Amino acid sequence: MTDVIRLLPDSVANQIAAGEVIQRPASVVKELVENAVDAGATSIQVIVKDAGRSLIQVVDNGKGMSDTDARMAFERHATSKIENADDLFSLHTMGFRGEALASIAAVSQVDLRTMPKGAEVGTRLIINGSKVESQEPEACAAGTNMMVKNLFFNVPVRRKFLKRDSVELSNILREFERLALVNPGLDFEFVNNDSTMHRMIGSSMKQRILDLFGKGLDKQLLPVSTSTPIVSIEGFIGRPENARKRNALQYLMVNGRHMRHPYFHKAILTCFEKLIPSDSQPNYFLCFTVDPHTIDVNIHPTKNEIKFENETPIWQILTAAVKEAIGKFNAGPGIDFDVVDAPEIPVFRPDKTAEHSIEIDTTYNPFRQESAAGPSSWSGGDSFKKAGIGSDWDQLYEEFLGQPTVVESKISGMPSPGMDLGDLKVGSAEATLIPDDSMTGRNGGKWSDDEVSTIQVNNRFIVSATSSGLMVVDQHRAHVKILYEQFVEQLSGSRALSQRVMFPEVFSLTSAQSAVLTDITEKLSDCGFELSFLGGDSWSISAQPMLPDGVNPVEALTAVIDDYRHSRHDDDIGKWRETVALSLARSGAVRGGTKLGAEEREHLMAQLLRLPTPNYTPDGKLIISVISTDDLSGMLR
Ligand code: ADP
Ligand code: MG
């Protein structure tokens with residue numbers, strides 16, 4: 001038999017390799033920009049035409065190449081970045097496989113101009129489908145200017161499978177954004193079909209995020225920062241209320257490299273559980289720094305998938321850091337009201353020429369208050385008074401979404417942080433929603449009528465004027481949220497606080513409920529319920545968790561049982577407590593249809609807006625909605 005095995009010519013081998021490394025124009029952008037970064041460039045320009053189909057050009061001011069290196073660079077496995085296999089485990093560069101340029105040149109027409117710094121003259125090299133067409137000296141700028149034309153011109157199948165220009169362009173842009181984000185210190189420019197889409201100068205990570213994704217993100221970024229011997233994590237997470245249903249901005253980076261890491265992604269999501277609706281995703285931008293020996297970048301040709309040696313400890317460090325960042329924005333030091341813009345109170349001015357079928361008192365403003373109240377300890381309180389306290393909620397709300405440091409002290413006149421037992425005291429003489437002054441940490445004692453800035457609609461919604469329109473709060477959901485947070489805290493101890501009842505209450509359940517309760521009696525005792533089975537379907541309660549006034553323990557228990565029957569069963573004790581907390585909160589919360597006095601409304605709002613994520617109930621229902629001034633104008637047109 002004759003021998004049949006042959007070595008493939010380089011040009012064919014390169015084309016095959018290109019299939020892995022270069023899948024679409026965006027891959028070329030990635031490889032070329034990474035080379036520019038590796039070359040020490042401080043300024044990188046990306047130019048594309050026809051979504052990269054006819055041209056992808058990357059111009060850098062990096063160290064450039066000699067004419068020999070320029071030729072060598074296109075050989076397969078030609079790299080200046082590693083020398084031996086050990087170097088793979090101490091990588092400090094983006095590239096190392098020496099594959100990208102060979103692959104790119106195999107499937108396109110390359111026109112390279114490059115000159116090392118300090119050289120007199122550079123070189124221009126033209127390669128057509130792996131074949132060197134020409135190389136000549138050429139006067140050019142120091143650095144590298146690489147043009148990749150007519151990608152896949154010689155692989156018609158591939159070219160045919162490129163998507164519509166808009167899709168390929170958005171892939172390119174996504175890649176560009178990642179590259180610009182992992183290298184915030186470098187200048188970047190992006191030009192598409194002669195129009196500049198991005199131009200940014202090297203700056204901080206935060207500034208880079210704003211440059212790339214819009215200034216509007218400024219207010220929602222919470223810094224994350226932690227440093228341990230295993231990993232340092234720096235960056236930002238978006239506030240829970242800014243979670244998105246679609247296109248959340250999610251970026252994980254390690255040692256200056258973008259990565260896909262479903263496990264760490266999951267870690268971040270768990271921190272947002274119950275804080276955001278289940279169909280939403282948080283924004284995050286997190287950079288890990290680890291010892292290069294503890295990761296393996298070499299598991300995939302595009303180097304996006306990375307294996308970590310210390311995955312489990314990093315999970316823990318990551319979740320702790322993210323949770324801390326979320327928690328922190330509910331607390332903060334003092335405030336200078338002089339820097340707070342005077343809020344605008346929208347005043348109703350009916351058009352004098354319009355005909356009104358009803359009489360309108362144009363001087364009446366239910367939200368305006370004449371006497372400015374407020375604890376004297378507020379610094380800059382005067383300017384705040386001048387601004388008009390009537391729009392208190394608006395400001396509170398907006399600051400809440402805006403600046404963490406402002407919020408806490410702004411509401412320092414309201415119940416103190418930490419668990420407010422005022423609502424949970426058993427046997428308290430106070431009405432359910434009214435704070436016990438001794439517990440609230442409030443300087444001024446009772447809530448005075450002066451501070452009323454809300455009205456109740458239909459015994460169901462609390463409505464308040466804000467500078468952006470009308471803020472509408474669902475009172476039941478708001479209270480569910482508040483109680484839920486309190487119960488979670490109450491139940492989070494090793495054993496929940498429990499109240500013994502003087503005369504055990506006997507009650508009966510349906511047999512289905514009874515069967516469930518038999519299953520969970522043990523778990524419920526962990527939450528403060530002490531229950532005895534009396535035979536038949538009868539039970540008795542001899543101890544119960546601290547419940548808000550007016551909450552019937554049997555009703556609360558039945559709510560827990562019924563929710564348990566309809567929910568996923570979770571062995572995780574933390575999750576179980578959260579489930580119980582939600583059931584208790586639901587059964588204890590003030591219902592729609594209940595009239596609330598001014599003080600109760602105020603207190604409810606204060607407690608709600610003090611929470612890190614006032615917008616949604618733990619099960620993802622909207623609590624707050626704002627009808628914008630524009631909407632109102634539209635309605636009244
Ligand atoms: P790798 O980046 O894995 O080393 P590439 O095929 O991407 O492989 O590049 C091959 C070599 O070409 C690099 O190691 C580097 O020495 C050189 N090179 C590529 N791009 C540039 C550039 N923009 N500036 C300077 N040198 C470059
Ligand atoms: Mg490279």
Side-chain angles (χ1 to χ4, degrees), residues 10-11 13-23 26-47 56-85 87-108 110-119 122-125 127 130 132 135 138 140-148 151 175-176 178-179 182-183 186-189 255-258 292 297-304 306:
D10 275 357
S11 57
N14 285 340
Q15 262 201 29
I16 294 170
E20 267 187 76
V21 188
I22 307 301
Q23 285 136 358
S27 337
V28 177
V29 171
K30 172 177 190 285
E31 294 297 338
L32 296 186
V33 171
E34 286 187 349
N35 280 347
V37 172
D38 284 345
T42 57
S43 169
I44 298 171
Q45 191 187 27
V46 179
I47 300 163
I56 299 162
Q57 181 179 12
V58 173
V59 185
D60 70 54
N61 64 351
K63 65 176 177 240
M65 287 176 267
S66 69
D67 42 2
T68 318
D69 277 356
R71 282 281 274 275
M72 273 293 283
F74 292 91
E75 297 291 328
R76 201 135 170 251
H77 307 304
T79 179
S80 55
K81 298 170 193 174
I82 61 171
E83 280 177 12
N84 53 50
D87 290 349
L88 273 179
F89 300 99
S90 52
L91 282 178
H92 295 283
T93 53
M94 306 307 295
F96 56 84
R97 290 173 170 254
E99 256 173 2
L101 291 187
S103 300
I104 291 168
V107 293
S108 67
V110 169
D111 185 346
L112 164 69
R113 292 175 177 83
T114 184
M115 186 177 83
K117 276 188 186 134
T123 187
R124 178 173 182 188
L125 175 64
I127 304 176
S130 289
V132 177
Q135 183 173 20
E138 174 146 327
C140 52
T144 299
N145 176 346
M146 179 88 75
M147 297 169 89
V148 173
L151 185 64
E175 197 61 63
F176 175 84
R178 289 186 196 130
L179 291 158
V182 279
N183 297 291
L186 310 184
D187 298 352
F188 275 94
E189 188 176 337
N255 294 1
R257 191 186 295 278
H258 169 79
V297 182
N298 198 23
I299 53 177
H300 192 269
T302 60
K303 297 167 264 158
N304 270 337
I306 291 172

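Remember, it's a predicted structure, so these values are computed and weren't measured experimentally. Atoms within a ligand are numbered from 1 in the order they appear, just like the ligands themselves.
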Output all residues satisfying salt bridge (charged side-chain N to carboxylate O under 4.0 Å, His left out) with Asp187, sequence neighbours left out; order by chain, then residue number.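 Applying salt bridge (charged side-chain N to carboxylate O under 4.0 Å, His left out) to Asp187 gives none.
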Determine whether the side chain, the backbone, both or neither of [X] has a heavy atom under 4.0 Å from any heavy atom of ligand 1.
{"X": "Thr144", "answer": "side chain"}
{"X": "Ala100", "answer": "both"}
{"X": "Glu99", "answer": "backbone"}

Examine [X] against ligand 1 and note whether any of their N/O atoms are separated by less than 3.5 Å.
{"X": "Ala102", "answer": "no"}
{"X": "Asp60", "answer": "yes"}
{"X": "Asn35", "answer": "yes"}
{"X": "Asp38", "answer": "no"}

If the contact criterion is a heavy-atom separation under 4.0 Å, does Lys63 count as touching ligand 1?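 Lys63 does not count as a contact of ligand 1 under the 4.0 Å cut-off.
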Could you tell me whether ligand 1 has any atom less than 4.0 Å away from a heavy atom of Gly64?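 Yes.
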List the steps and the verdict of salt bridge (Lys or Arg N to Asp or Glu O under 4.0 Å) for Glu175 and Lys30. CA-CA 6 Å; Glu175 197 61 63; Lys30 172 177 190 285; 5.5 Å; no
Does a donor on one side chain sit under 3.5 Å from an acceptor on the other, for Thr42 and Asn61? yes
So that I can check it, does any N, O or S atom in Asn35 come closer than 2.8 Å to the Mg ion (ligand 2)? yes
Counterpart residues, side chain to side chain donor-acceptor pair (under 3.5 Å), relative to Gln135 (two or more places apart):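 Here the qualifying residues are Arg71, Thr123.
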Decide if atom CE of Met147 counts as having more than 12 heavy atoms of other residues, nucleotides or ligands within a radius under 6.0 Å. yes
Hey, does the side chain of Asn183 reach the backbone of Leu179 with a donor-acceptor pair shorter than 3.5 angstrom?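 It does hold such a pair.
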Verify, without hydrogens or angle tests, whether Asp60 (side chain) and Gly143 (backbone) share a donor-acceptor contact under 3.5 angstrom. no
Only heavy atoms of Thr79, strictly under 4.0 Å: list the atoms of ligand 1 that pass. 1 (P), 4 (O), 14 (O)
Which atoms form the tightest heavy-atom contact between Pro116 and Ser66, and what is the distance? CG-N, 3.8 Å
